[in-house]
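Quick notes on the structure that follows.
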Amino acid sequence: MDRDRPTPTPGPSRGPSESALQVRRLLSRIGFYLFIVIVGAYFALPMLWLVFAPFDAHPTLAAAAPSAFTLGNFSDLLKNPNALRSLANSVVLAGATMVLVVAAAAPAAYALSRVRIPGRDLLLYVLLLFSSVVTGTAAMVPLFLLVFDLGLINTHVGVILVLAGGLMPAGIFILKDFVDSMPKSYEESARVFGASSFQILRDIVLPYARPGLAVIAVWVVVNVWSNFLIPFILIRDPGLMPAAVVVYNFYTEGGQADLRLLSSFGLLYSIPVVVMYLFVNRRYGFRFYGGIKG
Amino acid sequence: MAELEIRGLTKVFPGGVRALDGLDLNIQDGEFFALLGPSGCGKTTLLRSIAGLETPNSGQIHIGGRDVTRLSPAARDVAMVFQDYALYPHMTVADNIAYPLKVRRVGRKERRETAESVGRSLQIQGAMLDRRPGQLSGGQQQRVALARAIAYQPRVFLFDEPLSNLDARLRLEARTFLKQLQRELGVTTVYVTHDQAEALALADRMAVMDQGRIRQLDTPSNCFLRPANTFVAAFIGSTPMNLLPAKVQDGGLEVAGQKVMIPEAIRAQVRVGDPVILGVRPEYVSVSPTELPDSLAGTVRVLENLGVDSLVTVEVGDLRVQATVPEERVPAVGDRVWLAPDQRRLLAYRQADGEQVGAPTVALSDTPALVPGAG
C-alpha cells in the first residue's frame, strides 16, 4: 500500500505528464475505495443492527449502539413458548434432511458418475432444472395435496421428505462432479485387489469425496434452516414450526412488528449457522476442488 | 505363480475399434514378459483383459490352467501396477500397502506388520510409512505401488507402463531394481511399455504388437537382431533401422543405383527381379573415407552426437542411410564416404507385406503351437 502512495515531494526530474498520471492514479484509487466502502456498508448495516438491536431496550430500525443496554429482550423471548422450541424444530428438520440428502446423494452420484446409461446427462439436467425452477410457489398446491394424501400433513417427516426431494438433484449434481474428478485407476486397482463395490465406495470414493460431502451437508442445512415456504404450508401446529416460520409471529397487539423480540430471536436464529460454518471450515476446509470446474 | 495362456482373444470397442484381433499368447511360469507397441496397438487392452477390467468379445484367458475369462478381477489372483500408481491419497503409505489385506478383512495388527515387512524389502520404512502418497517423490510412490502389489501375493503381476512417470535417470535405476525384484520373487510378470529400450532391458521374452496383433514374439535379442518384419525393424532400436528399397539382380542387390553383394542366406530365398527392402541397423554399417568393395557411396549430410558414438546420416542417391561411427572416426558434413553393411547382419523383407524374406506368406505372428484342448 505504502509503495503505491505517491510521494508528497516529487523530484525535480519528474515531468508534468508523470505527476498528472500519479494524480489520476490516486483519484481512481480513492474512487475504488469509496465504492468498496459503500458496497461493504450496504451489507454490513443489517449485521450491525442484528448485533446492537437485541440489547437495546427500545430498538428502532436504525443500526445504532443501544441507547439503554438490556438483556430483557432475551428473557421476554424465553417466555414465548414457541421461540426455543422452534429453534429445536429447525435443528431437527435441518439435521434429518441433511442426513437423508447426503446418504442418498452419495451413492446416487457415484452410480451416475460411473455407470454409462444413455441419456444420463440429460436426466441430470432435467432433474436439476425441475428441482430449482419448478419447486417453490409453482409446486405449492401439488406438494400440499401429495403430502396430504400421504397423511404427512403437520408432521416433520412430511417437511423433511419434501425438502430432501427438492435439494437432492442439485446435491447429486455437485457430488457427481467430485466423483468424476477421481481417477478411475483408484477404483480399478481396488477391484483388482478384490474389493467389492461397497468396499470401494466406503474405503475410497467417500473419503476422496469428503470435501464434497461437507459442502453438500452445509448447503442442505443452510437451505433448510432458512426455508420458510415448505414448513409454512405443511405445518399447522405452532409447536412443530421451525424458527423461520415462528419469526413471523412476533407482532405486538397493535399489529406492529415487535422489534425487541424480532431482533433477539434473529440473533439466536443466526448463531447456529455461523457456528456450523466455522466448525466445518476448521474441520474440512472449504476446498472447492473438483466441485466447480473452471 | 502361474503360467498364462491366451487363445484367440478379440476385443472390439463400441464404435468399432478392434483393439485385440484374435490374439494368441503363451507366457511361462515365472517369466518376465513385455508387451511392446506404439500407443493404440492394444497392449494396454490386453493387460486390462488379463486383469479382468475389460471383457473380451471372444477368446479365452487361462491363468495357471484355470479359465478366468468370465471371472471378476477379484477371483483372478493378479495384481496390477498402474501408470499413475493409483495410490489412495487419503490413506497413509502403510494403509496403501496393506489395502489388499484390508479387503480380505485381515486384522489391523497383521496389516501393519505386512506393510512393514514388505516395505522394508523396498526401502520404504520408518516415518515414510506414516506419510501420505502426496508427500513422496515419484520414485518412492512407484515403490509403494509395487509394495502394495507384492503384499497382495498374486500369481501374476501386471505392470502398465510403471516407469513412464519417472524422470530419465530414475527410470534406469527403477528398471534395474524391478528386474532384480522380479527375479527374486519369481512371479509371472506381464509388462506393458511403449519404450523399446525398457522392453529389451527387462524382458525374458517380448511381443511386439501393432493394431491388435502380435507382429513378433521372441527374446529381446532376437527382436533386435532379427526383426520378423519391417514394422518391428522400425520400432525396435534406439536408432531406427535403415530400410532401403532394393532390387535383386544377378549376383547382387541394386540399391539407389549402386550394387552391393547379396548375402548367402538371402540369395536362396529370392529370385532375380524381386523387389525387396533391405534392413540394416546403423550399428552394423561401417563408414570409410576410402572406397571399399561392395559399398554404397554417398555424402554426409547430418552428424548427431550420441555420446560414445556419432550418428551419421549419409545421402546415397535419393536415399538416406544412417550409420554410427566411433568418436575417433567421425567424418565432416559434406564428406564423400563409403558405407559397407555387415553382411551377416543384413536382413531382407518382401516389399509386398514387409515380412522377412523366406517367411510364410500368411505369418501374422510367431506364436507357439496351440495346446490341443486348451480352449
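Order of the sequence lines fixes the chain letters, A, B, ..., with proteins taken first and strands second; residue numbering starts at 1 for each chain.
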Which atom of B:Tyr99 lies closest to which atom of A:Ala195, heavy atoms considered
OH-CB, 4.0 Å
Measure B:Leu87 against the heavy atoms of chain A and call it side chain, backbone, both or neither at under 4.5 Å.
backbone
Any idea which heavy atoms bring A:Val192 and B:Met80 closest together, and the distance?
CG1-N, 3.9 Å
To the nearest 0.5 Å, what is the distance between CZ on A:Phe193 and CZ on B:Arg148?
4.5 Å
Under 4.5 Å from a heavy atom of chain A, the part of B:Arg48 involved:
side chain
Check: A:Asp203 main-chain N/O paired with B:His90 side-chain donor or acceptor under 3.5 Å
yes
Counting heavy-atom pairs under 4.5 Å with chain B, which one of A:Ala190, A:Pro183, A:Ser196 comes out on top?
A:Ala190
More than 12 heavy atoms of other groups within 6.0 Å of A:Phe228 CZ:
yes
Atom NZ in A:Lys184, atom CG in B:Asp84: separation rounded to 0.5 Å?
12.5 Å
One should read off an interatomic distance between B:Leu53 CG and A:Glu187 CD, to the nearest 0.5 angstrom, of 10.5 Å
If you draw a 6.0 Å radius around CZ in B:Phe177, do more than 12 non-hydrogen atoms from other residues or ligands fall strictly inside?
yes
Within a radius of less than 6.0 Å around CD of A:Gln199, do more than 12 heavy atoms belonging to other residues, nucleotides or ligands occur?
yes
B:Tyr88 and A:Ser189: side-chain donor and acceptor closer than 3.5 Å?
yes
Report, as yes or no, whether the 6.0 Å neighbourhood of atom CZ on B:Arg66 holds more than 12 heavy atoms from other residues, nucleotides or ligands.
yes
